[in-house]
Amino acid sequence: MSENHESETRAIRGQMDQTQYREHSTPLFLTSSFTFPSAEAMADTFAGSGEGIIYSRYNNPSVDELVAKACAMEGLPAGFATASGMGAVFASLAALVSQGDHILATRAVFGSTHQILTQILPKWGVSFTYVEPDRPEEWATAIRPETKLFVTETPSNPGLKLVDLEAAGQFCRAHQLLFIVDNCFATPYLQQPAVYGADLVTHSATKWMDGQGRVLGGLLVGTEEVMEQVVFFCRHTGPAMSPFNAWVISKSLETLHVRMDAHCRSALAMAHWLQDQEGVGAVHYPFLPSHPQFALAQRQMRAGGGIVTFELDGGVAAAQQLLNAATLCTRSSNLGDTRTILTHPATTTHSKLSVEERAAVGISDGLVRMSVGLEAVGDIQADLQQGLG
Ligand SMILES: *Cc1c(COP(=O)(O)O)cnc(C)c1O
């Protein structure tokens, strides 16, 4: 496999070396540990001078294959796979901060990331400040001498606000901050934060990467320097991904580009259609010309992604009516599936926030998040039609 191949080719052909059985599709190494031909070979491996596979908490061929693909797709040299997206997000922060450090994060980070920043890291003396994702000109006012990291997510969940990655990269370089991006919503097919100087990119592979709602997984990919610390942290604290999940996700990456093209096409069609429906107020989608950051979206994303959010004039009652009337679309909190999923953030994923906190991240009572699946668009529209108005 050549480094000159496109990302799609590498996601398909970036398979581990064939074994003696000449298999075509990649094999699954469901084993916790590995053996050694001699005591000396074992000693060499432990000393770090031999071929490194020892134990699946450290590495495993099925997991390494997935990590290598993720690195190729993101354009970053080193990685580690975790049991869930939150395992990756937590490791990306915990491995890099020390007592007294300060983190800058864009508001409207993923719910559990918010919990890590507000409830967990403060126990170890690490503080944070939120800045507005769409106002980079204000970010510098929140910097302190002890600020170490800039953490961001774009597009945001569920508001679908974008962070200008180029501006963020320049900001991090100017202030010598490590630049960390949760690239789950966009996937490396739609956007590559490393192009703008990201030091570390995290993923919930549970979402579009698996794309079929089967397994949990997380990925960390970054520069050699940053990943050295992150891999050390992960190897000794144990968030490793199961080889089985790695095998499932690695197979899924073979079709990521095809699925994302289709998800994005359907999501754009749904966004346009929703704008014309009675009872539907604002529709949020990065590739709708009405999105306040439409030009930025076109600059840094290949397409708008698979998530559309929209506000129903009738508030909570209208949102619950829409969800209850659906017979094809499913009520679930997941996203990034072949099946279209409807979520009502105000009463579920974001119900613990106060009304003011929800307003600050753009979650009105009538906001519905739709993860657009791969069913026929006409069928999705007919299903929503039953619950509108
Ligand atoms: C789902 C999600 C996560 C967490 O991933 P899990 O695999 O559920 O642990 C983190 N960030 C974003 C943006 C997500 O959508």
Side-chain angles (χ1 to χ4, degrees), residues 63 66-67 70 74 79-94 103 105-121 130 133 149 151-163 165 180-191 193 198 200-221 234 237-242 244-246 248-249 252-253 256 260 263 267 284 286 301 304-309 332-337 341-343 345 348-350 361-363 369-373:
V63 178
L66 171 66
V67 169
E74 287 288 3
F80 194 87
T82 54
S84 71
M86 285 324 299
V89 171
F90 179 65
S92 76
L93 303 175
I103 296 172
T106 50
R107 198 182 295 286
V109 287
F110 187 69
S112 292
T113 307
H114 173 75
Q115 300 299 348
I116 290 172
L117 291 172
T118 56
Q119 307 293 327
I120 298 173
L121 292 180
Y130 278 140
L149 314 176
V151 177
T152 191
E153 207 177 293
T154 180
S156 70
N157 173 34
L160 301 180
K161 276 189 185 171
L162 304 191
V163 171
L165 289 172
I180 304 180
V181 181
D182 181 335
N183 201 27
C184 167
F185 265 45
T187 81
Y189 178 61
L190 301 184
Q191 154 185 299
L200 185 57
V201 174
T202 64
H203 279 284
S204 169
T206 312
K207 313 293 171 52
W208 306 106
M209 285 189 167
D210 170 39
Q212 290 149 88
R214 299 168 297 186
V215 297
L216 294 178
L219 283 159
L220 290 147
V221 287
C234 289
T237 57
M241 181 187 281
S242 147
F244 177 76
N245 287 10
V248 169
I249 297 166
S252 288
L253 288 184
L256 181 73
M260 288 316 291
H263 281 293
H284 310 283
M301 297 177 77
I307 306 288
V308 179
T309 59
S332 172
S333 62
N334 195 24
L335 60 93
D337 199 315
I341 296 170
L342 298 172
T343 312
T348 60
T349 52
H350 294 72
V361 291
I363 301 172
R369 185 185 76 189
M370 176 166 56
S371 171
V372 180

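Whatever order the structure lists ligands and atoms in, that order sets their numbers, starting from 1. Positions are given from 1, in the same order as the sequence printed here.
- Listed by number with element, the atoms of ligand 1 under 4.0 angstrom from any heavy atom of Glu153 are 13 (C).
- At a 3.5 angstrom cut-off on N or O pairs, Asp182 counts as close to ligand 1.
- Among all non-hydrogen protein atoms, the one lying nearest atom 6 (P) of ligand 1 is Gly85 N, 3.3 Å.
- With Thr206 contributing its side chain and Gly217 its backbone, the two residues share a donor-acceptor pair below 3.5 Å.
- On a distance-only criterion, Cys184 and ligand 1 share no N/O pair closer than 3.5 Å.
- Although no hydrogens or angles enter the test, the distance criterion places a donor-acceptor pair under 3.5 Å between the side chain of Thr154 and the main chain of Val163.
- Given atom 9 (O) of ligand 1, the protein heavy atom at minimum distance is Met86 N, 2.8 Å.
- Put simply, the side chain of Gln191 never gets that close to the backbone of Leu165: no donor and acceptor are under 3.5 Å apart.
- Ring pair Tyr130/His114 is parallel by interplanar angle, where below 30° counts as parallel and above 60° as perpendicular.
- Counting protein heavy atoms only, atom 2 (C) of ligand 1 is closest to Lys207 NZ, 2.4 Å.
- Regarding atom 5 (O) of ligand 1, its nearest protein heavy-atom neighbour is Ser204 OG, 2.9 Å.
- Counting only heavy atoms of the protein, atom 7 (O) of ligand 1 lies nearest to Thr206 OG1, 2.6 Å.
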Subject >> side-chain hydrogen bond (donor to acceptor under 3.5 Å, both in side chains) between Arg369 and Thr349, intermediate numbers included >> reply: CA-CA 11 Å; Arg369 185 185 76 189; Thr349 52; 5.3 Å; no

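- Judged by distance alone, with hydrogens and angles left aside, the side-chain atoms of Thr82 form no donor-acceptor pair with the main-chain N or O of Met241 at under 3.5 Å.
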